[in-house]
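For reference, the structure is listed below as structure tokens.
Below, chain A is the first sequence line, B the second, and so on; all start at residue 1.
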2 protein chains.
Amino acid sequence: MELDARKEKILKAIIQTYLETGEPVGSRTISKYSDLKLSSATIRNEMSDLEEMGYIIQPHTSAGRIPSDKGYRFYVDQIIREKENQVNEMQEIMIQRVDRVELLLKHMAQLLATNTNYATMISGPTSNLTKLKFIQLSKVEEKKLLIVVVVEGNIIRNSFVNLEEDVTHEDVLNLNILLNNSLNGLTIQEINLGMISKLKEQAGIHKQVIELVLNEVSEAIQAQDADLQIYTSGATNIFKYPELSDTQKASQLLNTLEHKELLKGLFDDKQLPAVSDPQIQVYIGDETPIQSMKDCSVVTANYVLGDGLRGTIGIIGPKRMDYEKVVSTLRTLVSQLNDTFNQ
Amino acid sequence: MELDARKEKILKAIIQTYLETGEPVGSRTISKYSDLKLSSATIRNEMSDLEEMGYIIQPHTSAGRIPSDKGYRFYVDQIIREKENQVNEMQEIMIQRVDRVELLLKHMAQLLATNTNYATMISGPTSNLTKLKFIQLSKVEEKKLLIVVVVEGNIIRNSFVNLEEDVTHEDVLNLNILLNNSLNGLTIQEINLGMISKLKEQAGIHKQVIELVLNEVSEAIQAQDADLQIYTSGATNIFKYPELSDTQKASQLLNTLEHKELLKGLFDDKQLPAVSDPQIQVYIGDETPIQSMKDCSVVTANYVLGDGLRGTIGIIGPKRMDYEKVVSTLRTLVSQLNDTFNQ
DNA sequence: TATTAGCACTCTTTTCAGTGGAGTGCTAAC
DNA sequence: GTTAGCACTCCACTGAAAAGAGTGCTAATA
């Protein structure tokens, strides 16, 4: 059987109605509200076909129909294709230039959540290719150095290191100059063993200090990768959707959102059901790599700050989420982010 | 009527049983399991008295009894008085000396949550009296300074400031010396207008820079106070208690825990139902200053790091929480914190 | 031939009465 | 003062019946 124009129209009407109400849609509803001018009986026949083709499901014999995952997928692909060539009108979400990326991301997660009424998550930028911009050692106390590392994108990392022997302020000054001259502009991968031993030589008596410092530096940078920062917001929005609010489902979902390490699965796989635009992915129901979200849909988008800084924004909502709005909001947001940081 | 010894014993037995089961407690249960050797009929008479006195409640005519808020309060006061003079055996929770207080607090919230199976929150230390320990300006780019402020307790704040005119590296060096010499060891209140204008004089051409920098410094410090950092953890633990799991209650509670600004109410009021130990407060049901927690109990404890750094730890659970464990855990934790930082 | 009206049928949801169980309060006996 | 016994109350659960929503099928219609 083929999905002709009329079937498509009916399918879209069913899905749209369901997105609004969250209730199974009957044939009469469609015949009344869609502009097809067909009787409920005709719609019934078509619905029967659509069900056979797998686009819609009957929860039970005498209920209306709801979209299946396949139905949602049809709808989403459709939407995205239609939107693709349109110019997105500016959203209210404005990005202010902020010097600290973490704050920006946290703030953005909140904005997105209140704007969309879904749960949101943003993974902090990973720094595999990130260039070191600036290192500053300061002697704060006897035998205690403060290390401040600034990487591309103006992300700041601090840590303290306790030394075994004290150093003078002059030593620290020289070390700063040495480190900045040798390391600035390099990525973490480029700081290899050869370079390190050369540094140790140049540092003279402070070999040990150099070692400790470099450890901290690399840890500070890699910390980002290891315990990948993930910010979530609007988790309780899920209670706005009855189909997700029952205690068990809500509990599982919220648990995943609270223990952010459980979300990692979403940010690794990049070979999943892709949509024409490589930036944006839509996972419907079982397509999601995370078990506790199998009753939800998840939309993710990748963003890029500067050269090597990439991250992912995700929105989690009911399967009947407003895909159109979500996709276009994400698209706008990501392109704004890219613009802001690549200007 | 008076609460004699036997009534007390029965009341305690009722509450303890209810804490375990979460179900209304009948007279027969008490007569069987408590060591009172009384028949259910006698217990019934006493229970009737206890109800009249307001310590227990009957959900409906033919149900057992559950504790009223007044009953819980009796129980809690009792527990705390008993525990008061005991030496608390060491808990498994160990505090590792960590250089960054924020991380420590976050980590502690998590530990507490998994340990107790309740929701936890910790307010970051407020810094009214905090002394400045160290300031470091660094030129990161043309016309852009990185300011790192370390205050007592080794809390680090960073921010960037954009200058209108560029400064040389030497200038920055001198500024650093000037600022550290003048400001270190002072509290934010002590950095007053007189001091500021004196600094401006000494700085010579860099008046404007000084102004910008001082603004950032004071903002960096006060930021802590303004958007008081609050860390929460274990929010989804509430689903472990059926009486809190129904959609509406859970939704409200989780919402409060997510929008942490709603929690502030808990950290201001210090004149509420106090318990003998000034450090620890127990709010039962309606005693809580936060509406969405009126079906819960909240236990808070204050901690002190160094001179002026104070904060609050809170535990949120069902009214039938294990007060004994919670109070003693909190007491141990707080005293460990105090010891660690005051040594 | 495609569409539509009509009707029997199915399944869920709601309502309601009936039943069993848990626990009480009261009275009388110990 | 304590306890045994019993009538009573109320909730939780069950199953039956009624109401409602929506379908599938058939026969009539344009």
With the side chain of [X] defined as its heavy atoms from C-beta on, choose the nearest nucleotide among [options].
{"X": "B:A41", "options": "D:dT2, D:dT3, C:dT4", "value": "D:dT3"}
{"X": "A:S62", "options": "C:dC11, D:dG24, D:dG5", "value": "C:dC11"}
{"X": "B:S39", "options": "D:dC11, D:dA4, C:dT4", "value": "D:dA4"}

To the nearest Å, give me how far apart [atom1] ([X]) and [atom2] ([N]) are.
{"X": "B:I30", "N": "C:dA22", "atom1": "CD1", "atom2": "P", "answer": "17 Å"}
{"X": "B:I43", "N": "C:dC26", "atom1": "CD1", "atom2": "P", "answer": "17 Å"}
{"X": "B:M47", "N": "D:dT2", "atom1": "CE", "atom2": "C1'", "answer": "17 Å"}
{"X": "A:E51", "N": "D:dG24", "atom1": "CD", "atom2": "P", "answer": "7 Å"}
{"X": "A:I57", "N": "D:dG22", "atom1": "CD1", "atom2": "C1'", "answer": "17 Å"}
{"X": "B:N45", "N": "C:dG25", "atom1": "CG", "atom2": "C1'", "answer": "9 Å"}
{"X": "A:R44", "N": "C:dG6", "atom1": "CZ", "atom2": "P", "answer": "12 Å"}
{"X": "A:K37", "N": "C:dT4", "atom1": "NZ", "atom2": "C1'", "answer": "16 Å"}

- Per the atom types in the model, does the base of C:dG21 pair as donor or acceptor with the side chain of B:R28 at under 3.5 Å?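 Side chain to base: no pair below 3.5 Å.
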- Does a distance-only test, which skips hydrogens and angles, find a donor-acceptor pair under 3.5 Å between the side chain of B:T61 and the base of D:dC10?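 Answer no: no donor N or O sits under 3.5 Å from an acceptor.
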Does [X] come within less than 4.0 Å of [Y], counting only side-chain N to carboxylate O?
{"X": "B:D77", "Y": "B:R73", "result": "yes"}
{"X": "B:D295", "Y": "B:K319", "result": "no"}
{"X": "A:E243", "Y": "A:K249", "result": "no"}

Would you indicate what B:S27 reaches in the nucleic acid, counting non-hydrogen atoms under 4.0 angstrom: base, sugar-phosphate, or nothing?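 Answer is sugar-phosphate: B:S27 comes under 4.0 Å of backbone atoms only.
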Flag side-chain contact, heavy atom, 4.5 Å: B:I313 against B:T120
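They are not in side-chain contact.
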Review point. If you find the nucleotide of DNA chain D closest to A:G26 and the one closest to B:L38, which residue's nucleotide is nearer the 5' end?
Key: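 Taking each residue's closest nucleotide, the earlier one in sequence belongs to B:L38.
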- Does a nitrogen or oxygen in the side chain of A:R65 sit under 4.0 Å from OP1 or OP2 of D:dT23?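 For D:dT23, OP1/OP2 do have a side-chain N/O of A:R65 under 4.0 Å.
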Under a 3.5 Å threshold, yes or no: a donor from one side chain and an acceptor from the other, between A:Q281 and A:Y283?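 Yes, side-chain donor-acceptor contact under 3.5 Å.
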